[in-house]
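For reference, the structure discussed in these notes is given below.
Keep in mind it's a predicted model, so treat the numbers as computed, not measured. Just the heavy atoms: all of them, side chains too, but no hydrogens, waters or symmetry mates, feed the values below.
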Amino acid sequence: MDKAAMIYQVVAAIPKGKVCSYGEVAKRAGLSGYARYVGHTLKNLPSDSRLPWHRVVNSQGKISFAQGSDGFTRQQQALLGEGVLVIDGKVNMRRFAWHI
DNA sequence: GTGCTGACAAACG
DNA sequence: CCGTTTGCCAGCA
């Protein structure tokens with residue numbers, strides 16, 4: 001199984017309305033320490049991919065894009081659309097963090 | 001092969 | 001809470 005494929009599986013398994021950190025995704029994919037690789041993989045996603053990449057944030061619960069950037073806005077809107085509260089680019093991990 | 005970069009993370013101060 | 005430092009791994013020039 002390809003590493004990228006493992007990451008896709010984990011990201012695709014994140015329930016709607018929940019979020020997960022890059023490090024967590026990497027761990028659940030059996031790729032401990034590959035947090036940065038997860039970011040690299042999501043960045044390379046084809047535009048026609050239906051992967052819920054917007055449910056992945058950094059360990060601080062913040063969107064890993066510069067505020068005001070295109071990616072930032074799209075991710076924030078996608079999360080808000082699922083009922084995830086995003087304030088100042090930060091997600092309330094207490095309520096929306098995904099854990100098995 | 002070497003060195004820098006990046007949608008990261010954890011530990012410090 | 002914020003900035004810095006160190007550790008990580010893959011991709012690219």
Side-chain angles (χ1 to χ4, degrees):
Chain A
M1 187 62 92
D2 196 86
K3 295 189 194 109
M6 302 297 291
I7 293 173
Y8 293 149
Q9 280 194 339
V10 176
V11 175
I14 301 175
K16 185 174 129 187
K18 295 283 184 182
V19 297
C20 192
S21 73
Y22 292 90
E24 280 286 303
V25 171
K27 267 188 179 179
R28 296 195 190 295
L31 301 169
S32 190
Y34 283 61
R36 299 189 85 151
Y37 183 67
V38 172
H40 214 69
T41 302
L42 297 185
K43 181 180 186 177
N44 238 325
L45 278 178
S47 51
D48 61 348
S49 173
R50 282 146 187 66
L51 205 67
W53 56 270
H54 52 272
R55 292 175 193 155
V56 185
V57 295
N58 63 28
S59 65
Q60 308 166 69
K62 294 201 296 188
I63 292 175
S64 295
F65 280 110
Q67 281 190 334
S69 68
D70 185 61
F72 177 91
T73 304
R74 286 202 300 186
Q75 180 165 13
Q76 183 173 230
Q77 290 305 311
L79 290 174
L80 291 174
E82 294 185 347
V84 177
L85 192 58
V86 182
I87 299 174
D88 200 35
K90 291 176 289 193
V91 176
N92 185 329
M93 295 297 270
R94 292 278 203 216
R95 297 179 60 80
F96 303 109
W98 174 55
H99 56 92
I100 299 177

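For the pair A:Y22 and A:R36, the minimum side-chain heavy-atom distance is 4.5 Å or more. The closest side-chain heavy-atom distance from A:I87 to A:N92 is not below 4.5 Å. Contact annotation: the side chain of A:R55 never approaches that of A:V11 to less than 4.5 Å [non-hydrogen atoms, C-beta and beyond]. Taking 4.5 Å as the limit, every side-chain heavy atom of A:H54 sits out of range of all side-chain heavy atoms of A:Q77. Using a 4.5 Å cut-off on side-chain heavy atoms (C-beta onward), A:Y34 and A:I7 make no contact. The closest side-chain heavy-atom distance from A:L31 to A:V38 is not below 4.5 Å.
Every side-chain contact (heavy atoms from CB on, under 4.5 Å) that A:K18 has, sequence neighbours left out, goes to A:I14, A:P15, A:W98.
Rounding to the nearest 0.5 angstrom, the gap separating the NE2 atom in A:H40 from the NZ atom in A:K43 is 6.5 Å. Going from atom OH of A:Y8 over to atom CG of A:L42 covers 8.0 Å, rounded to the nearest 0.5 Å.
Taking the P atoms as reference points, B:dA7 lies 22 Å from C:dG7, given to the whole Å.
Taking every heavy atom of residues 12-30 of chain A and every atom of DNA chain C, no pair lies under 4.0 Å. Contacts between residues 67-90 of chain A and DNA chain B, counted as heavy-atom distances below 4.0 Å, involve no residue at all.
The minimum heavy-atom distance linking A:I63 with A:Q75 is given by the pair CG2-OE1, 3.1 Å. When all heavy atoms are compared, the tightest approach of A:L45 to A:S49 is CD2-OG, 3.9 Å.
The outermost nucleotides of DNA chain B lying under 4.0 Å from heavy atoms of chain A, listed 5' to 3', are B:dG6 to B:dA10.
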With B for base contact, S for sugar-phosphate-only contact and - for none (protein heavy atoms under 4.0 Å), nucleotides 7-13 of chain C reads BBSSS--
For residues 67-74 of chain A, tabulate all N or O donor-acceptor pairs below 3.5 Å that involve a side-chain atom, not counting sequence neighbours.
residue	atom	partner	partner atom	Å
A:Q67	NE2	A:D88	O	3.0
A:Q67	NE2	A:D88	OD1	3.1
A:S69	OG	A:A66	O	2.6
A:S69	OG	A:F72	N	3.3
A:T73	OG1	A:S69	O	3.1

